[in-house]
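Throughout, a chain's letter reflects where its sequence line sits, starting with A, and its residues are numbered from 1. Everything quoted here is computed from the prediction, not taken from an experiment.
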Number of protein chains: 4
Amino acid sequence: MGKLTINKQKKKDSILNTAFELFTTKGIVKTSISDIADSAGVAKGTFYLYFKDKYDLKNKLVSYKSSQLFKTAVTNMEKQNLSNLEDKIIFIVDDIINQLKSNKILLSFIAKNLSWGIFKNVITADTEADNEDNSFREIYYKMLSEENFEIEEPEIMLFLIVELVSSTCYSAILYNEPTEFEKIKPFLYNSIRSIIWNHKNK
Amino acid sequence: MGKLTINKQKKKDSILNTAFELFTTKGIVKTSISDIADSAGVAKGTFYLYFKDKYDLKNKLVSYKSSQLFKTAVTNMEKQNLSNLEDKIIFIVDDIINQLKSNKILLSFIAKNLSWGIFKNVITADTEADNEDNSFREIYYKMLSEENFEIEEPEIMLFLIVELVSSTCYSAILYNEPTEFEKIKPFLYNSIRSIIWNHKNK
Amino acid sequence: MGKLTINKQKKKDSILNTAFELFTTKGIVKTSISDIADSAGVAKGTFYLYFKDKYDLKNKLVSYKSSQLFKTAVTNMEKQNLSNLEDKIIFIVDDIINQLKSNKILLSFIAKNLSWGIFKNVITADTEADNEDNSFREIYYKMLSEENFEIEEPEIMLFLIVELVSSTCYSAILYNEPTEFEKIKPFLYNSIRSIIWNHKNK
Amino acid sequence: MGKLTINKQKKKDSILNTAFELFTTKGIVKTSISDIADSAGVAKGTFYLYFKDKYDLKNKLVSYKSSQLFKTAVTNMEKQNLSNLEDKIIFIVDDIINQLKSNKILLSFIAKNLSWGIFKNVITADTEADNEDNSFREIYYKMLSEENFEIEEPEIMLFLIVELVSSTCYSAILYNEPTEFEKIKPFLYNSIRSIIWNHKNK
DNA sequence: GATGAATGAGCATTCATTCAT
DNA sequence: CATGAATGAATGCTCATTCAT
């Protein structure tokens with residue numbers, strides 16, 4: 001990477017970090033491009049050299065932050081010696097939930113902005129542009145293939161789990177609604193196990 | 001009701017209906033109060049006689065539309081002679097899903113704007129201010145009491161079902177993601193049955 | 001006065017009192033006719049039965065409050081047995097200043113809104129529509145006639161005194177600018193005595 | 001100064017001049033920011049690049065115009081060979097009054113908006129940001145020090161003179177109230193001489 | 001590539017005034 | 001007399017976007 005390119009990346013990163021800060025404190029609608037440029041210490045025009053508009057920036061942020069979440073969880077999971085699919089999935093879910101519990105700002109940001117559409121990109125794409133990591137999708141299918149039974153409709157299963165987890169986390173962790181998350185957790189994890197069980201090709 | 005009062009209600013309803021139309025076609029952010037007032041055929045100032053701002057109006061709309069959905073589903077369910085809790089709940093879920101499938105605009109509007117916070121109001125309040133209907137919460141507990149087993153943490157169970165259904169519907173019905181809804185349906189309903197089963201106090 | 005007329009007067013007084021309250025707390029520009037009507041407990045339309053607009057009301061308030069000030073001061077002065085013009089005028093000035101010092105809200109309101117144009121009406125008109133009081137102008141000329149010397153240009157003398165007193169009071173009593181009023185007072189009163197002396201026809 | 005900086009100053013000046021014109025013809029309340037921007041030939045948004053709001057602009061105008069008045073009067077006074085304080089002060093007062101008599105629009109604008117608070121800034125600050133002029137306050141104290149007697153409470157003396165002159169000018173010059181200014185003038189100037197005399201430390 | 005002054009469309013909100021009841 | 005719902009012009013202010021430097 002040339003010096004210039006490094007400088008460019010610095011600017012872009014500065015905008016990304018500043019924007020995350022502002023989005024999560026002021027809200028996306030109330031954050032203007034002026035705000036971002038000012039806080040990032042770049043000129044307003046510079047913003048447009050890197051992002052189409054505020055929502056382009058937002059989507060890139062959501063993808064990046066979400067993929068980091070998965071990457072970390074998978075890395076941690078692989079250190080364990082888990083023998084079956086249910087345990088592996090529950091571990092990943094649990095790890096992600098723990099990350100979010102200790103970073104409620106991130107939870108709020110992701111929950112409000114993550115749709116299945118964006119999520120598909122997240123799990124399909126390599127987590128970083130220029131690295132050797134496998135995508136989460138590949139890891140997922142590898143996990144499935146290691147079992148001695150087959151999973152029917154693995155995409156649907158993943159979908160059900162992701163939607164259930166993300167929507168319940170948001171309400172329960174951030175607002176204790178309908179009750180504190182710890183009380184919901186056993187039922188949630190049982191539900192996940194049931195979902196997996198329902199997809200087992202018997 | 002005096003002539004004036006009727007006229008007032010007419011104006012308010014006109015604004016509500018117009019706003020729903022605009023919110024679902026242009027989106028809430030892009031719909032201005034001018035748009036609403038113009039389309040509703042009232043002066044801009046009139047809007048402020050009935051609503052605090054755009055978001056006050058939005059919340060009132062979400063509540064109203066959601067409660068209608070439940071009211072219809074429960075009414076239909078009661079006409080059946082369903083003997084057990086799972087069947088009743090699945091029936092209600094299925095009825096609501098059918099309503100939403102035939103009214104995708106409504107689905108889009110509710111899914112984007114219904115949080116558990118608003119939902120709590122919806123199921124607690126009578127569906128209409130001055131009528132004899134029971135709230136959905138009452139109906140739900142009555143349903144539970146008619147079984148010869150007990151449900152552990154009924155609020156959590158309701159929460160899990162509602163979050164799972166609403167988040168999967170949105171993506172699957174509107175965008176066929178991860179696949180068409182009909183393929184997801186059996187797994188979804190099985191998941192719901194599992195969730196209920198997990199809450200049975202054995 | 002008929003019952004109806006009494007009721008009307010009540011409404012009018014209610015508007016006047018409420019408006020004074022609002023004008024002095026929120027400021028005249030930021031007080032709307034709605035504010036006044038709401039606080040006074042009358043309908044918005046009713047306002048227009050009694051006043052042309054906000055500024056009509058304001059002028060009537062200024063006149064009324066100012067004339068009360070003078071009336072009180074003159075009444076107190078007449079109880080004293082003051083033998084010469086300087087002492088009488090200084091007494092009146094001092095009495096008014098004391099009233100204003102103990103009612104800074106009133107001072108603020110009058111100072112901001114009293115122009116010589118309004119003041120002329122105040123000193124010319126009877127203090128109340130239907131009573132036997134003399135106007136301040138008559139009292140002033142009677143005071144002058146009781147001296148054994150003549151005052152040259154009595155209107156100019158009154159003008160100079162009123163302008164000097166009112167502009168210095170505002171700044172000194174309310175904001176202690178350029179310094180606390182008590183320190184300015186002896187110089188102010190000496191200035192007034194000098195002004196009177198300058199108008200003595202020698 | 002770069003081309004850009006010159007252009008910026010031009011824009012700002014254009015807004016200032018236009019605003020003065022509008023404030024003095026339509027009044028401040030009735031002058032909208034749109035009016036100012038339109039007349040100045042700039043976009044509405046440009047206004048906000050230079051001023052916080054209408055009242056920020058107004059205060060800057062009052063300060064600037066007042067300081068110009070004093071600067072001119074002092075310059076003229078210094079050309080005379082006046083030997084004593086009274087004559088110097090009367091000369092300055094007279095010069096300012098003459099400026100105002102020939103520029104009634106300016107008189108009206110300053111009289112309505114100059115408070116002692118703003119005046120203090122005017123006499124303290126250098127008349128222009130980056131020049132060698134002394135502030136009026138320095139000039140005033142230098143004048144006092146050249147006398148062979150002492151002035152007690154010079155701030156109060158200045159205050160009394162300024163308040164007396166400004167409030168009488170407004171009414172007399174603009175509205176001939178209570179009578180034409182030329183008839184009031186001798187009494188006013190005598191009053192000023194008396195005020196100075198009262199502050200002489202005898 | 002980077003800047004930031006300038007733009008002007010666009011928006012929410014207020015409020016004096018009217019008039020049918 | 002009194003009401004208060006309805007009006008819609010008017011205003012302050014924001015902000016994404018452009019473009020000359």
A.B. asks: Rounding to an integer number of Å, can you tell me how far Phe47(C) CZ sits from dC15(E) P?
C.D. replies: 14 Å
A.B. asks: Using whole Å, report how far CD1 of Ile28(C) lies from P of dA16(E).
C.D. replies: 13 Å
A.B. asks: Consider only side-chain N and O atoms of Asn17(C) and Glu21(C), and report whether a donor and an acceptor are under 3.5 Å apart.
C.D. replies: no
A.B. asks: If you check the Ser32(D) side chain, which of dT17(E), dA2(F), dG12(F) turns out closest?
C.D. replies: dG12(F)
A.B. asks: Honestly, is Lys65(C) close enough over Phe109(C), meaning NZ or CZ under 6.0 Å from the six-membered ring centre and within 45° of the axis?
C.D. replies: no
A.B. asks: Check this one for me: any side-chain N or O of Tyr48(C) less than 4.0 Å away from OP1 or OP2 of dA2(F)?
C.D. replies: no
A.B. asks: Between Lys11(D) and Thr46(D) (side chain of the first, backbone of the second, donor and acceptor by atom type, cut-off under 3.5 Å), is there such a pair?
C.D. replies: no
A.B. asks: Any donor and acceptor pair, going by atom type alone, linking the side chain of Ser14(B) with main-chain N or O of Ala40(B) inside 3.5 Å?
C.D. replies: yes
A.B. asks: Among the candidates dA9(F), dA2(F), dA16(E), find the nucleotide nearest to the side-chain atoms of Lys44(B).
C.D. replies: dA9(F)
A.B. asks: In terms of the nearest nucleotide of DNA chain F, which residue is placed more toward the 5' end: Ala43(C) or Ser34(D)?
C.D. replies: Ala43(C)
A.B. asks: CG of Asp38(C) versus P of dT14(E): gap in Å, rounded?
C.D. replies: 13 Å
A.B. asks: Now, which nucleotide makes the Watson-Crick or G-U wobble pair with dT21(F), with each of the two distances under 3.5 Å?
C.D. replies: dA2(E)
A.B. asks: Whole Å only: how far is the CD1 atom of Ile15(C) from the C1' atom of dC1(F)?
C.D. replies: 13 Å
A.B. asks: Tell me: NZ of Lys12(A) to P of dA2(E), nearest whole Å?
C.D. replies: 12 Å
A.B. asks: To the nearest Å, how far apart are Asp56(B) CG and dT13(E) C1'?
C.D. replies: 15 Å
A.B. asks: When you get a sec, tell me which of dA16(E), dT17(F), dA6(F) is the closest nucleotide to the side chain of Ile33(A)?
C.D. replies: dT17(F)
A.B. asks: Roughly how many Å is it from CZ in Phe51(A) to P in dG1(E), rounded to a whole number?
C.D. replies: 14 Å
A.B. asks: Which residue, Lys52(A) or Gly41(B), contacts DNA chain F at a nucleotide closer to its 5' end, judged by nearest heavy atom?
C.D. replies: Gly41(B)
A.B. asks: Quick one: does Ile110(C)'s side chain get under 4.5 Å of Tyr170(C)'s, heavy atoms only?
C.D. replies: no
A.B. asks: Of Asp53(B) and Val42(A), whose closest DNA chain E nucleotide lies nearer the 5' terminus?
C.D. replies: Val42(A)
A.B. asks: OP1 or OP2 of dT3(E) versus the side-chain N and O atoms of Thr46(A): is any pair under 4.0 Å?
C.D. replies: yes
A.B. asks: Any idea which of dA5(F), dG1(E), dA16(F) is nearest the Leu49(A) side chain?
C.D. replies: dG1(E)
A.B. asks: Counting side-chain heavy atoms from CB outward, which of dT3(F), dA5(F), dA16(E) is closest to Tyr50(B)?
C.D. replies: dA5(F)
A.B. asks: Rounded to whole Å, how long is the line connecting atom NZ of Lys30(B) with atom P of dA12(E)?
C.D. replies: 13 Å
